[in-house]
Amino acid sequence: MNLSFSVGDLQENVRRNRAIFFGGIGVPLDRLALQRQVHGAKVQVVRSPGEFPETDALVTAEPRVFLCVSIADCVPILLLDPVRRVVGAVHAGWRGTAAGIVGEAVRTMSREFNCDPRSLLAYIGPAADRCCYAVGQEVASSFPGESLSHRDGRIYLDLKMSNRGQLLSEGMLPHRISVSPYCTISDATLFHSHRREGTKSGRMMAVIGLTA
């Protein structure tokens with residue numbers, strides 16, 4: 001069930017997998033808004049389906065434009081303002097997290113659509129978790145101490161909690177943020193993992209949109 005065209009899989013396999021996945025949730029393939037992710041902090045407001053280069057977060061208020069995040073260890077974060085009817089989809093690897101991309105997405109929703117962070121709902125999805133995501137000192141130095149733990153002489157980074165902290169800093173309410181307990185590295189039966197499988201690992205997708 002690899003959903004990415006960029007990891008060496010046969011294109012007909014990827015097209016079939018996408019048809020199965022998106023068909024299963026009732027999303028037409030011609031209504032997808034796809035990021036061309038670069039592990040940066042650019043947030044793009046979109047008003048139609050398509051591919052959006054060099055961006056790691058998309059925001060829209062348009063019905064039936066379904067925002068997608070491609071993932072295989074980085075953190076997918078889905079945002080919804082049920083009052084203003086605005087959605088956002090964020091790809092937050094360690095670089096994007098260090099650059100504060102999820103906070104920029106919330107600010108973009110507020111600036112462009114008058115969203116109140118207190119009204120937002122957020123889902124922080126399956127990703128490399130603190131149990132398994134060992135990093136070097138150079139990466140660790142980009143994060144506050146509360147995002148790090150030390151075990152057996154190694155440093156482990158909690159990207160989920162770092163992004164949750166950024167959402168709280170933007171004014172979101174704690175009970176409106178849900179965090180997945182799943183780790184993509186440790187559970188090979190459910191998830192693709194770049195850290196576990198290498199650069200040719202498959203990719204999953206998170207998706208959010210307004211159906212009407």
Side-chain angles (χ1 to χ4, degrees), residues 4 25 27 30-128 142-144 147 157-180 203-212:
S4 172
I25 58 174
V27 173
D30 63 356
R31 300 305 300 174
L32 303 181
L34 300 159
Q35 306 168 357
R36 298 292 292 271
Q37 297 163 185
V38 293
H39 296 272
K42 178 183 175 183
V43 179
Q44 177 79 45
V45 176
V46 302
R47 293 178 171 81
S48 61
E51 291 193 3
F52 298 89
E54 297 186 355
T55 185
D56 286 83
L58 302 174
V59 172
T60 193
E62 297 296 324
R64 295 185 59 75
V65 175
F66 296 92
L67 312 180
C68 299
V69 184
S70 180
I71 43 172
D73 284 336
C74 294
V75 185
I77 305 164
L78 304 179
L79 302 169
L80 167 67
D81 185 337
V83 177
R84 305 295 298 179
R85 294 185 55 77
V86 180
V87 292
V90 180
H91 167 255
W94 76 262
R95 291 180 178 85
T97 302
I101 187 171
V102 75
E104 181 58 31
V106 171
R107 291 190 294 274
T108 299
M109 293 172 74
S110 298
R111 182 176 64 249
E112 299 293 331
F113 301 103
N114 200 31
C115 295
D116 184 342
R118 295 170 297 180
S119 298
L120 297 183
L121 294 164
Y123 176 67
I124 298 174
S142 300
F143 293 88
S147 297
L157 175 58
D158 192 335
L159 282 178
K160 293 179 188 176
M161 289 301 103
S162 183
N163 281 284
R164 181 179 183 274
Q166 291 179 30
L167 291 171
L168 294 173
S169 294
E170 294 299 323
M172 280 198 65
L173 302 177
H175 67 279
R176 297 178 73 83
I177 304 171
S178 297
V179 182
S180 169
R203 298 294 188 270
M204 305 165 289
M205 281 189 177
V207 58
I208 188 169
L210 302 168
T211 57

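These numbers were taken from a predicted model, which means no experiment stands behind them.
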With the side chain counted from C-beta on, respond yes when Val46 and Glu62 share a heavy-atom pair under 4.5 Å apart, and no when they do not.
no
If you compare all heavy atoms of Ala206 against all heavy atoms of Pro76, which two are closest, and at what distance to 0.1 Å?
CB-CB, 3.9 Å
Quick one: pull up CZ in Arg85 and SG in Cys115 and give me the separation to the nearest 0.5 Å.
12.0 Å
Flag side-chain contact, heavy atom, 4.5 Å: Pro117 against Met109
no
Taken to the nearest 0.5 Å, the spacing of Ser70 OG from Leu34 CG works out to 9.0 Å
What do the steps show when you test Arg47 against Val45 for side chain to side chain contact (heavy atoms under 4.5 Å, CB included), and what is the final call?
CA-CA 7 Å; Arg47 293 178 171 81; Val45 176; 3.6 Å; yes
Specify the closest pair of heavy atoms between Ala105 and Val59, including all atoms of both residues, with the distance to one decimal.
O-CG2, 4.3 Å
Taking Lys42's backbone N and O only, do any of them form a donor-acceptor pair with Asp56's side chain (distance below 3.5 Å, no angle check)?
no
Donor-acceptor under 3.5 Å (Glu104 side chain, Ala57 main chain):
no
Minimal heavy-atom distance between Gly100 and Gln166, with the atoms involved, is CA-OE1, 3.2 Å
Less than 4.5 Å apart, any side-chain heavy atom of Tyr123 and any of Ile208?
no
Pairwise side-chain contact, Val27 with Leu32, heavy-atom cut-off 4.5 Å (strictly under)
yes
Drop me the distance from Arg84's CZ to Phe113's CZ, to the nearest 0.5 angstrom.
10.0 Å
Taking C-beta and beyond as the side chain, do Gln37 and Val69 meet within less than 4.5 Å on heavy atoms?
yes
Within the 4.5 Å heavy-atom criterion, are Phe143 and Leu159 side-chain neighbours or not?
yes
Gln35 and Ala89 have their tightest heavy-atom pair at NE2-O, 3.1 Å
Less than 4.5 Å apart, side chain to side chain, heavy atoms only: is that true for Asp116 and Val83?
no
So does Glu112 have more than 12 non-hydrogen atoms from other groups sitting under 6.0 Å from CD?
yes
Working to the nearest 0.5 Å, report the span between CG of Asn163 and CD1 of Ile101.
9.0 Å
Is any side-chain heavy atom of Val179 closer than 4.5 Å to one of Met161?
yes
Under a 3.5 Å distance rule, please check whether Ser180 uses its side chain to pair with a backbone N or O of Ile124 as donor and acceptor.
no
For Arg176, I'd like to know if atom CZ has over 12 heavy atoms of other residues, nucleotides or ligands within 6.0 Å.
yes
To check you understand the geometry: which heavy-atom pair defines the closest contact between Val86 and Ala61, and what is its length?
CG2-CB, 4.1 Å
Taking side chain to side chain contact (heavy atoms under 4.5 Å, CB included) as the criterion, tell me which of Thr97, Ile77, Val43 meets it with Val90.
Ile77
In this structure, OG of Ser110 is separated from CG of Leu120 (nearest 0.5 Å) by 6.5 Å
Would you say Arg31's side chain and Arg64's backbone share a donor-acceptor pair under 3.5 angstrom?
yes
Arg111 atom CZ, neighbour heavy-atom count above 12 within 6.0 Å:
yes
Quick one: does Arg95's side chain have a donor or acceptor within less than 3.5 Å of a partner on His39's backbone?
no
Specify the closest pair of heavy atoms between Met204 and Ala72, including all atoms of both residues, with the distance to one decimal.
CE-CA, 4.1 Å
CZ of Arg203 to CG of Asp73, rounded to nearest 0.5 Å, is 8.5 Å
So, applying side chain to side chain contact (heavy atoms under 4.5 Å, CB included) with Leu79, which one of Leu67, Leu167, Ile177 is it?
Leu167
